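Scroll down for the structure; my scribbles are underneath it.
We number each residue from 1, following the sequence as shown. If you're wondering where the values come from, they're calculated on a predicted model, not measured in any experiment.
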Amino acid sequence: MRGHVAILTSAVLAGGFLLASCGGDETRGQTEDDVLVSVGDSTLTLREVLADIPSGISPEDSTELFHAIVDNWVRDLVLYRVAVKNVPDLDRIERLVNDYRNNLIITSYLRQMEESGEHIVSEAEIRKYYDSHKEELVLEQPLVKGVILKVPETDENLPRLRKWMASSSGEAIDNIEKHGLKQASQYEYFLDTWQEWNTVADQIPYKFFDADAFVSDTRDFETTYGGSTYILHISDYLRSGAGMPYDYAREKISGILLNAEMSRYRSSLIKALLNKEMENGILKAGLYDPLSGTMRKNEKKEKKTDKR
């Protein structure tokens with residue numbers, strides 16, 4: 001039976017797509033009232049299903065998708081009608097749905113307002129924070145500067161690459177980049193930028209046990225795995241527990257200050273909106289003052305107390 005329906009559906013789809021391609025009000029009228037199925041007061045039309053089927057797919061895929069859309073629509077509506085009658089805590093579910101919807105709208109609006117403004121943290125603010133919080137800005141893992149190189153273990157340039165990597169002078173780096181990268185599958189240069197040790201170690205297939213001991217005792221390291229040779233040169237390091245250098249801490253501080261600024265902006269925006277709605281008479285204070293966030297004094301009760 002499904003096969004006969006599929007043949008019929010293909011014909012309907014072909015006709016529907018032909019009508020849709022012609023355009024015009026006549027097409028809209030012909031498809032809009034073509035009801036495929038109804039569940040209670042809800043109806044599903046051919047036009048609605050065709051709108052969800054992408055063009056360019058095969059007739060077989062169109063037929064399969066057609067049935068999936070219709071079957072899912074019917075199943076969901078029937079299950080919903082039965083569930084509404086039998087779920088004991090429907091009010092709580094509706095409240096949760098409304099709360100979730102409201103939160104989505106509020107979050108979207110606040111994000112839109114935040115993105116519309118210019119929120120920039122100045123270098124002076126970052127430096128001031130750094131100088132005031134040096135004792136708190138300590139490293140949880142080592143930082144290193146250096147170079148990583150990965151080449152085939154059969155690379156004939158390996159002897160020269162080892163020498164250049166160990167030197168890491170300007171001339172040596174030039175030689176690596178000009179003559180040593182023809183067969184290289186990885187080259188990471190961070191001689192002038194602090195990198196977290198975990199980020200570096202994750203690129204080398206080797207088990208590093210004591211990170212602080214390794215970076216303190218090692219300048220040049222080499223290992224071979226899977227037909228490739230990994231060479232690491234460490235030019236400088238800072239152990240765990242050391243104070244963060246400014247150029248490393250700068251980005252973290254910028255994020256902290258920006259989040260604080262966004263929080264202040266959001267609070268200011270909400271307060272301004274509350275004031276506006278209070279002035280327009282939309283928001284009214286009863287026993288609770290929404291602007292100050294405090295309970296208001298009951299003046300009538302106080303007057304009665306004073307008379308006594």
Side-chain angles (χ1 to χ4, degrees), residues 54 56-58 61 111 115 119-121 123 126-127 129-130 134 136-259:
I57 62 177
S58 67
D61 290 339
R111 185 182 297 113
E115 291 175 352
H119 305 282
I120 301 175
V121 179
E123 195 69 30
I126 297 175
R127 173 61 73 173
Y129 184 96
Y130 178 79
K134 281 186 176 180
E136 305 167 21
L137 299 170
V138 295
L139 298 174
E140 297 180 357
Q141 62 174 297
L143 296 182
V144 293
K145 291 182 178 181
V147 187
I148 297 176
L149 183 63
K150 175 186 176 183
V151 295
E153 60 179 327
T154 56
D155 192 334
E156 59 184 13
N157 279 325
L158 260 178
R160 292 195 298 172
L161 289 173
R162 291 188 183 100
K163 181 180 178 181
W164 291 334
M165 286 286 289
S167 171
S168 72
S169 63
E171 182 180 356
I173 295 298
D174 287 341
N175 286 328
I176 292 173
E177 295 178 349
K178 290 179 180 178
H179 311 295
L181 301 183
K182 293 180 180 179
Q183 299 188 55
S185 57
Q186 180 181 357
Y187 174 65
E188 299 289 338
Y189 175 94
F190 50 100
L191 286 169
D192 53 2
T193 306
W194 289 111
Q195 294 287 335
E196 295 178 349
W197 170 247
N198 287 346
T199 302
V200 174
D202 286 345
Q203 301 179 59
I204 303 173
Y206 184 84
K207 184 66 175 180
F208 298 96
F209 291 98
D210 189 331
D212 284 307
F214 181 85
V215 300
S216 299
D217 301 336
T218 308
R219 287 296 166 270
D220 296 286
F221 173 81
E222 180 179 322
T223 187
T224 299
Y225 179 83
S228 296
T229 296
Y230 299 77
I231 305 175
L232 167 66
H233 173 76
I234 299 176
S235 62
D236 199 1
Y237 72 92
L238 289 172
R239 293 171 61 93
S240 302
M244 292 183 185
Y246 179 74
D247 53 346
Y248 171 78
R250 185 184 180 283
E251 184 175 351
K252 296 181 181 295
I253 295 173
S254 178
I256 293 172
L257 295 179
L258 183 59
N259 286 336

Y230 and Q203 side chains, donor-acceptor separation under 3.5 Å: no
What's the separation between atom [atom1] in [X] and atom [atom2] in [Y], rounded to the nearest 0.5 Å?
{"X": "R219", "Y": "H233", "atom1": "CZ", "atom2": "NE2", "result": "8.0 Å"}
{"X": "T199", "Y": "D202", "atom1": "OG1", "atom2": "CG", "result": "6.5 Å"}
{"X": "S216", "Y": "I234", "atom1": "OG", "atom2": "CD1", "result": "9.0 Å"}
{"X": "S228", "Y": "D155", "atom1": "OG", "atom2": "CG", "result": "10.5 Å"}
{"X": "T223", "Y": "K150", "atom1": "OG1", "atom2": "NZ", "result": "12.0 Å"}
{"X": "L232", "Y": "D220", "atom1": "CG", "atom2": "CG", "result": "8.0 Å"}

Considering non-hydrogen atoms only, spot the tightest contact between [X] and [Y] and give its length.
{"X": "V151", "Y": "G180", "answer": "CG1-O, 4.4 Å"}
{"X": "G146", "Y": "S235", "answer": "N-OG, 3.9 Å"}
{"X": "Y237", "Y": "V215", "answer": "CD2-O, 3.5 Å"}
{"X": "E140", "Y": "S240", "answer": "O-OG, 3.8 Å"}
{"X": "Q183", "Y": "P152", "answer": "O-CD, 3.1 Å"}
{"X": "P54", "Y": "I57", "answer": "O-CG1, 3.5 Å"}

State whether Y246 and R127 meet the cation-pi test: NZ (Lys) or CZ (Arg) under 6.0 Å from the six-membered ring centroid, and within 45° of the perpendicular axis.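 Yes; both conditions hold, so R127 lies above the ring face of Y246.
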Are there more than 12 heavy atoms of other residues, nucleotides or ligands under 6.0 Å from atom [atom1] of [X]?
{"X": "E123", "atom1": "CD", "answer": "yes"}
{"X": "Y206", "atom1": "OH", "answer": "no"}
{"X": "Y187", "atom1": "OH", "answer": "yes"}

[X] vs [Y] side-chain heavy atoms within contact, under 4.5 Å:
{"X": "I253", "Y": "V121", "result": "no"}
{"X": "D236", "Y": "W194", "result": "yes"}
{"X": "V200", "Y": "F190", "result": "yes"}

In sequence, state the C-alpha distance, the side-chain angles, and the governing distance for L149 and L181, and then conclude on side-chain contact (heavy atoms from CB on, under 4.5 Å). CA-CA 9 Å; L149 183 63; L181 301 183; 3.7 Å; yes
Residues V138, M244; criterion side-chain contact (heavy atoms from CB on, under 4.5 Å); working and verdict: CA-CA 5 Å; V138 295; M244 292 183 185; 5.9 Å; no
Centroid-centroid under 6.0 Å between F208 and F221 rings: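 When the ring centroids of F208 and F221 are compared, they turn out to be within the sub-6.0 Å range.
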Between V147 and M165, does the side-chain contact (heavy atoms from CB on, under 4.5 Å) criterion hold? Intermediate values first, please. CA-CA 7 Å; V147 187; M165 286 286 289; 3.8 Å; yes
For D212 and W197, run side-chain contact (heavy atoms from CB on, under 4.5 Å): C-alpha distance rounded to whole Å, both residues' side-chain angles, the deciding distance at 0.1 Å, then the answer. CA-CA 9 Å; D212 284 307; W197 170 247; over 6 Å; no
Holding to side chain to side chain donor-acceptor pair (under 3.5 Å), I want the full list of residues that pass it with R162, two or more places apart in sequence or in another chain. E222
Applying side chain to side chain donor-acceptor pair (under 3.5 Å) to N198 and not counting sequence neighbours gives Q141
